[in-house]
Amino acid sequence: MEEPTKIQSKLISKFSEFLDEEAILSDADELRPYECDGLSAYRKTPLLVVLPCTIEAVQKIMAICMRFGIPVVARGAGTGLSGGALPHEQGIILSLARFDKIIDINADHFTARVQPGVRNLSISTAASSYGLYYAPDPSSQIACSIGGNVAENSGGVHCLKYGLTLHNVMEITLVTAKGELLTVGSPALDTPGYDLLSLMTGSEGMLAIIVEVLVKLLPQADEKQLIMVSFDKIETASHAVSAIISSGIIPAGLEMMDRLAIQAAESFAHAGYPTDVDAILLCELDGSKEDVSEQIEIVQRILTKGGAVDIRIAKTAEEQAKLWQGRKSAFPAVGRISPDYYCMDGTIPRHQLAHVLESMNQLSKQYDLPIANVFHAGDGNLHPLILYDANKGELEKAEKLGADILSLCIEVGGTITGEHGVGHEKLDQMCIQFSTQEIQQFHAIKSSFDPHELLNPGKAIPTLHRCAEFGAMHVHHGKLPHSDIPRF
Amino acid sequence: MFDHDISAQLIEQVNQAITDKHCLYIHGARSKQFYGNPIEMEHRLDVSPHSGIVDYQPSELVVTVRAGTKLIELEKLLIAEGQILPFEPPIHTENSTIGGVVAAGLSGPRRPFSGAVRDHILGVEMINGRGEVVRFGGQVMKNVAGYDISRLMAGSLGSLGVLLNISIKLIPAPKQEVTLAIEANSQQAMTLFNQWRPTPLPISASCFYEDCLYIRLSGGVKAVESFSQRIDGDILPSAEGFWQAIRNQKHEFFDTLDKPLWRLSLPPATPALRRFESDTLIEWNGAQYWLYSNAPTNIIRDIASKHGGHATLYIGDRPGVNYFHPLPSVSIMIQKRLKQNLDPHGIFSSGRLYKDF
Ligand SMILES: Cc1cc2nc3c(=O)[nH]c(=O)nc-3n(C[C@H](O)[C@H](O)[C@H](O)COP(=O)(O)OP(=O)(O)OC[C@H]3O[C@@H](n4cnc5c(N)ncnc54)[C@H](O)[C@@H]3O)c2cc1C
């Protein structure tokens, strides 16, 4: 193995042939902002950061890294919450931040062709003059990039009705590990061959580099109503969620916040939330005026019958925006009431909501760490925020509590991650959710695209060794997991 | 519905194929045998007896079903709970199975409005190329743990594994549906589609055939009533039967036998294809053309490509012609590697999608 500095200078000289000086960062000071993503508990320093702005440059970078066996970690805006963009110490960070152009908005086809570094929200902003918008809206939408959204298959408040990133992306242009150009999907409604679009969406920078995305745009709804409902018990709120969905209505968004989250959000955003209730639901209904007026009546009836203590329908667009603002700023709001927080992302069947929320409450007491809940209730996608203080050495305890919550999600038939990805963080939990054979199948996919494991190595899919060491208890068809691997 | 689990038998047959090094043709009712390139069919793996509902809780809007379950029976069960398959797949025969339409990746009239097969697959249990039972995805709405192998199975035509169980996301059945028939030529039909696209008109299916445009409106009672009054057309009395015929490819249009039938998939707002005025039936608000034509393959495919779409030889016999639109070499290479890695013994039908894999 060559010394890091030697490899670094070799790479700098190679990259300088086609990148300008500002596009290559190598000083310790310059590298520091890239040490972590939104999950700042994990940090590493990369060899270099490169910031190309053309597809050809990305191709050349990949070809060079392939030749020298240098790991490449793609990075969008670095808002990821699972350590997906955590650098590799012997590798480079390939930042897509300079790919920040909206190439085209097609008001006939209802599509936008964008570069990967474009911020999620700016697509809707640009499309709004045509009466269109891009539906998936992660709470981080003012900052996160569309490339990162595709890499994580991100969700948002409105995914209940309008689908995840996967359902709103039509075509992706990628650069492979070898530096070749690959297009998956198409502007039509289907594409022949294997569905590589599905495979690429949510592939966490492990299969190829996303360099262009064609997204679907939707016409803005004619009518939108937002209901805020208060409950004096979280259990009642949970049942109300199932009752609404069972009634045959799919709200545009159906979000829940518990007492701690409400209080934090209210004192931060002054959204007008009641701070003396155990839970609130935000339920948005949209569509034609006729449909919305019909649905709002049904939903009100269900909620009243379901034990809501207060039902408030936002009267103006401003009031709606304010209520949503509180929800969307809930994470930073919780960040203000605790020195640190750790955000989990399990998804469970909806009918398990009450049970899982109560079990988490027990776990919170057991570990003596508060949990604030603010999440996509309609999708069953939980976001428990575990409050802790790293300076008091509570990180490990918080991680253990988080791991217990994820195990609970798997137990009730759910998954360890609904939208934030596995990244670096949930590798061990992957060993619980999947069997040896399943993990092997994931590796078979990876090696079809990246046989030398240069793209984001070590993330998203654990090695079988790691699972054996972790000794996870995935009991599959009554067999002990990973029994075929030596244990140390 | 009775429950019949033959997975043990299927696993045994897969393992036998690995030992004997022969290739398996996986099938259900064989109602889509016409679809795709011809392949070796000597050794068959019949999944159709593997049928029944594994789990169905209507409040979750998810059903988990064995792959051999008949579509007709599945839909009967769902509609009794006021739910439907969002992608309205074709039911070619009364025995057609859910595994078959998922493997073929075929969606029907509702596709542009509520999504394709792959959009609604939440998870699968399957036998992989090593004869192991593996599960991907699950029954929950959002799941990003691991690569999305369950959706990759949609449209893979039995070349990557044997589907055992499939979890599918459902939607509530619309409370009201009305179909309107509007006299129009193809250009006028396209103009109407473009006018309607930005509006909240609740279209759930459209079909243009022989100077008549049919649109189905679905949704709440009030909305459907009010929108149908705003459109200048006649209410079609036997709408249910009409859409069943379109969906199941049993409409008189599909009776022609003397020319190959092409399926063109095009971007939503593609202008009417003047080259193909007759012998066509247009669905999906202009995004899907059914076309009988003796025109040379390359001409049909060039037209589709020029508009950003692709053309499939859906039914027909054209020696030497690939049934699916040619792909760029990088894509072929990667898909070939995928196939090799997921089916290392080469036991699942090769060549049905492309000759290389
Ligand atoms: C306050 C806050 C709220 C959030 N709310 C939500 C939410 O509601 N829903 C949700 O889903 N997520 C949410 N997130 C998580 C995060 O914003 C999303 O995962 C987002 O999609 C990440 O985008 P990014 O551009 O920041 O990607 P990064 O963090 O830079 O990267 C994420 C992953 O994608 C890969 N990647 C990035 N760009 C590319 C590319 N061009 N090609 C290949 N791989 C690439 C990286 O290697 C990494 O693995 C939230 C985060 C924060 C901090």
Side-chain angles (χ1 to χ4, degrees), chain A residues 108-110 131 152-153 155 163-164 167 180-182 186-195 198-199 201-203 219 221-222 242 245-246 248 287-288 290-291 294 347-351 379-381 413-419 421-422 430 433-434 437-438 441-442 444-445 447-449 461, chain B residues 57-61 82 111-112 115-116 118-119 128 132-136 138-149 151-152 154-156 172 194 197-198 200 202 219-220 222-223 226 265-269 284 287 308-310 312 324-325 327 330-331 334-335 337-338 341-342 353-354:
Chain A
D108 295 327
H109 289 303
F110 286 20
E152 299 285 15
N153 189 15
L164 308 168
H167 303 104
E180 304 146 321
L181 213 53
L182 169 70
S186 83
L189 296 188
D190 43 48
T191 318
Y194 291 140
D195 192 348
S198 288
L199 218 43
T201 312
S203 64
D222 257 25
S242 282
I245 306 278
S246 303
S288 65
E290 292 84 354
D291 270 345
E294 205 169 273
T347 303
I348 55 166
R350 268 183 298 263
H351 69 269
D379 286 320
N381 184 191
T415 178
I416 57 171
T417 172
E419 56 180 20
V422 174
M430 284 291 282
Q433 188 164 335
F434 295 100
Q437 292 80 4
E438 287 152 357
Q441 187 126 341
F442 288 137
I445 301 262
S447 71
S448 311
F449 289 87
I461 313 295
Chain B
Q57 291 170 38
S59 70
E60 293 293 312
L61 286 173
R111 156 67 182 104
R118 57 87 93 161
D119 292 322
N128 70 11
E132 303 155 344
V133 174
V134 284
R135 281 169 226 193
F136 300 104
Q139 295 181 307
V140 290
M141 295 298 135
K142 294 162 90 177
N143 191 346
V144 294
Y147 306 119
D148 201 342
I149 295 181
R151 290 197 169 94
L152 177 68
S156 64
N194 290 339
R197 191 163 291 122
K222 272 200 259 173
S226 123
S265 178
L266 303 167
W284 298 5
H310 62 93
T312 305
F324 297 102
H325 207 96
L327 293 172
V330 177
S331 186
I334 284 180
Q335 299 195 40
R337 274 207 301 266
L338 254 182
N341 287 345
L342 298 183
L353 274 168
Y354 289 90

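Just so we're on the same page: letters track the sequence lines, and every chain starts at 1.
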Note, Y194(A) side chain near S331(B) side chain (heavy atom, < 4.5 Å):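 Sidechains of S331(B) and Y194(A): no contact.
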Please find the pair of heavy atoms, one from P267(B) and one from H109(A), that lie closest to each other, and give the distance.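 Answer, listing the atom of P267(B) first, then H109(A): CB-CE1, 3.5 Å.
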Closest non-hydrogen atom pair, L327(B) against G193(A): CD1-CA, 4.3 Å
Could you list the residues that satisfy ring-ring contact (aromatic ring centres under 6.0 Å, His included) with F449(A), not counting sequence neighbours?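 Here no residue qualifies.
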Checking [X] against chain A: side chain, backbone, both or neither under 4.5 Å from a heavy atom?
X	answer
H325(B)	both
L266(B)	backbone
A145(B)	both
Y147(B)	both

Report the C-alpha separation of R118(B) and D190(A) in whole Å, then their side-chain angles, then the decisive distance to 0.1 Å, and conclude whether the side chain to side chain contact (heavy atoms under 4.5 Å, CB included) test is met. CA-CA 10 Å; R118(B) 57 87 93 161; D190(A) 43 48; over 6 Å; no
Under the criterion side chain to side chain contact (heavy atoms under 4.5 Å, CB included), I'd like the reasoning laid out for V144(B) against L164(A): C-alpha separation, chi angles, the key distance, then a yes or no. CA-CA 11 Å; V144(B) 294; L164(A) 308 168; 6.0 Å; no
Say whether, by atom type as modelled, one donor and one acceptor occur between the side chain of R111(B) and the main chain of L189(A) under 3.5 angstrom. yes
Counting distance only, does the side-chain N/O of S265(B) pair as donor-acceptor with the main-chain N or O of A188(A) below 3.5 Å? no
Picking from T191(A), V422(A), T415(A), which has the most non-hydrogen pairs under 4.5 angstrom with chain B? T415(A)
Among the options P172(B), P112(B), A269(B), A154(B), pick out the one with the most heavy-atom pairs lying under 4.5 Å from chain A.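 Highest number of pairs under 4.5 Å: A269(B).
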Check salt bridge (charged side-chain N to carboxylate O under 4.0 Å, His left out) between E60(B) and all other residues, then give those that pass, not counting sequence neighbours.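 So E60(B) forms no salt bridge (charged side-chain N to carboxylate O under 4.0 Å, His left out) with any residue.
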Would you say the side chains of N128(B) and Q441(A) form a donor-acceptor pair under 3.5 Å?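 Yes, Q441(A) and N128(B) have a side-chain donor paired with an acceptor closer than 3.5 Å.
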